[in-house]
Amino acid sequence: VQLVESGGDSVTTGGSLTLSCAVSEHTDNNMCMGWFRQAPEKEREGVAAIANYGKIYYSDSVKGRFTISHDTAKNRLYLQMNSLKPEETAKYYCAALPRCPPVTAIQALRPPVYTNWGQGTQVTVSS
């Protein structure tokens with residue numbers, strides 16, 4: 001499975017961005033998909049995921065501001081990000097695990113669960 005992210009940009013505090021991830025294979029509810037981010041010198045962290053046959057999970061830090069969505073017809077994963085903060089400056093990655101088994105809410109946002117990764121797209125939020 002190949003994944004290609006796009007949509008990263010530089011915005012000011014409070015701004016919005018929508019990231020997109022093109023997936024080379026048909027995306028359905030059997031696939032776990034997620035968005036992750038990694039800031040310099042920090043560990044990669046889960047932001048939002050779709051797992052367990054379409055259930056959606058968010059990290060506490062983005063709940064109410066970020067929205068993950070999935071277009072099965074276009075094989076695309078999206079991340080709408082609102083009210084962005086400078087500390088959310090990072091490279092954002094989409095990831096997938098085909099034929100995903102049931103996972104816990106914590107596992108859905110853990111990078112090691114996912115086997116396929118894109119190259120990332122940079123998001124910079126300036127104050």
Side-chain angles (χ1 to χ4, degrees):
V1 179
Q2 308 295 319
L3 303 113
V4 180
E5 304 94 336
S6 61
D9 205 344
S10 295
V11 296
T12 55
T13 300
S16 298
L17 280 176
T18 298
L19 305 182
S20 177
C21 176
V23 185
S24 64
E25 292 185 10
H26 178 60
T27 57
D28 57 26
N29 283 337
N30 289 324
M31 181 181 286
C32 287
M33 295 171 287
W35 285 99
F36 299 79
R37 64 188 179 193
Q38 187 166 19
E41 300 181 1
K42 290 192 175 181
E43 289 189 1
R44 192 169 296 188
E45 63 173 351
V47 175
I50 300 176
N52 295 324
Y53 305 103
K55 290 186 180 178
I56 289 177
Y57 304 91
Y58 294 103
S59 67
D60 288 343
S61 63
V62 307
K63 276 180 186 174
R65 297 186 299 117
F66 289 16
T67 302
I68 188 172
S69 62
H70 169 217
D71 187 329
T72 56
K74 295 182 178 180
N75 293 337
R76 282 188 173 265
L77 184 70
Y78 301 98
L79 184 68
Q80 171 69 42
M81 305 185 293
N82 298 323
S83 303
L84 282 161
K85 306 173 183 178
E87 55 265 37
E88 295 179 310
T89 293
K91 199 161 197 179
Y92 283 69
Y93 299 85
C94 69
L97 174 62
R99 297 174 295 284
C100 183
V103 295
T104 66
I106 292 175
Q107 288 172 326
L109 293 172
R110 288 193 70 239
V113 167
Y114 294 80
T115 55
N116 301 83
W117 291 83
Q119 294 300 306
T121 186
Q122 180 67 35
V123 172
T124 302
V125 186
S126 59
S127 57

Going only through I, L, V, M, F, W and Y residues with side-chain contacts under 4.5 Å, is there a path from [X] to [Y]?
| X | Y | answer |
| --- | --- | --- |
| M33 | V47 | yes |
| L97 | Y57 | no |
| L3 | V113 | no |

**Request:** Provide the closest heavy-atom pair for V1 versus P98 in the form atom of the first, atom of the second, distance.
**Result:** CG2-CG, 3.6 Å
**Minimum-distance pair of heavy atoms, taken over all atoms of A108 and A49** = O-CB, 3.3 Å
Output yes when a side-chain donor or acceptor of [X] lies under 3.5 Å from a complementary backbone atom of [Y], and no otherwise.
| X | Y | value |
| --- | --- | --- |
| N52 | V103 | yes |
| N75 | T27 | yes |
| Y58 | G64 | no |
| S83 | G14 | no |
| T89 | V125 | yes |
| E5 | G120 | yes |

Compare all side-chain heavy atoms of [X] with those of [Y] and state whether any distance is below 4.5 angstrom.
| X | Y | value |
| --- | --- | --- |
| V62 | R37 | yes |
| T121 | S6 | no |
| C21 | W35 | yes |
| P86 | T13 | yes |
| Q80 | T18 | yes |
| L19 | Y78 | no |
| E88 | M81 | no |

What is the distance from atom [atom1] of [X] to atom [atom2] of [Y], rounded to the nearest 0.5 Å?
| X | Y | atom1 | atom2 | answer |
| --- | --- | --- | --- | --- |
| I50 | C100 | CD1 | SG | 11.5 Å |
| L77 | M31 | CG | CE | 10.0 Å |
| T67 | N82 | OG1 | CG | 6.5 Å |
| Y92 | L79 | OH | CG | 7.5 Å |
| K91 | Q119 | NZ | CD | 7.0 Å |
| L109 | C32 | CG | SG | 10.5 Å |

**Fill in**
Residues passing the ring-ring contact (aromatic ring centres under 6.0 Å, His included) test with F36, sequence neighbours excluded, are Y114, W117
**Prompt:** Counting only heavy atoms not in Q2, do more than 12 sit closer than 6.0 Å to its CD atom?
**Reply:** no
**Message:** Assess the residue pair T72 and D28 against the criterion (side-chain contact (heavy atoms from CB on, under 4.5 Å)); give the C-alpha distance rounded to whole Å, side-chain angles, the decisive distance to 0.1 Å, and a yes or no.
**Reply:** CA-CA 6 Å; T72 56; D28 57 26; 5.6 Å; no
**Message:** Going by the rule salt bridge (Lys or Arg N to Asp or Glu O under 4.0 Å), which residues pair with R110 if we only count those two or more places apart in sequence or in a different chain?
**Reply:** none
**Complete:** The side-chain hydrogen bond (donor to acceptor under 3.5 Å, both in side chains) partners of S20 (sequence neighbours excluded) come to R76
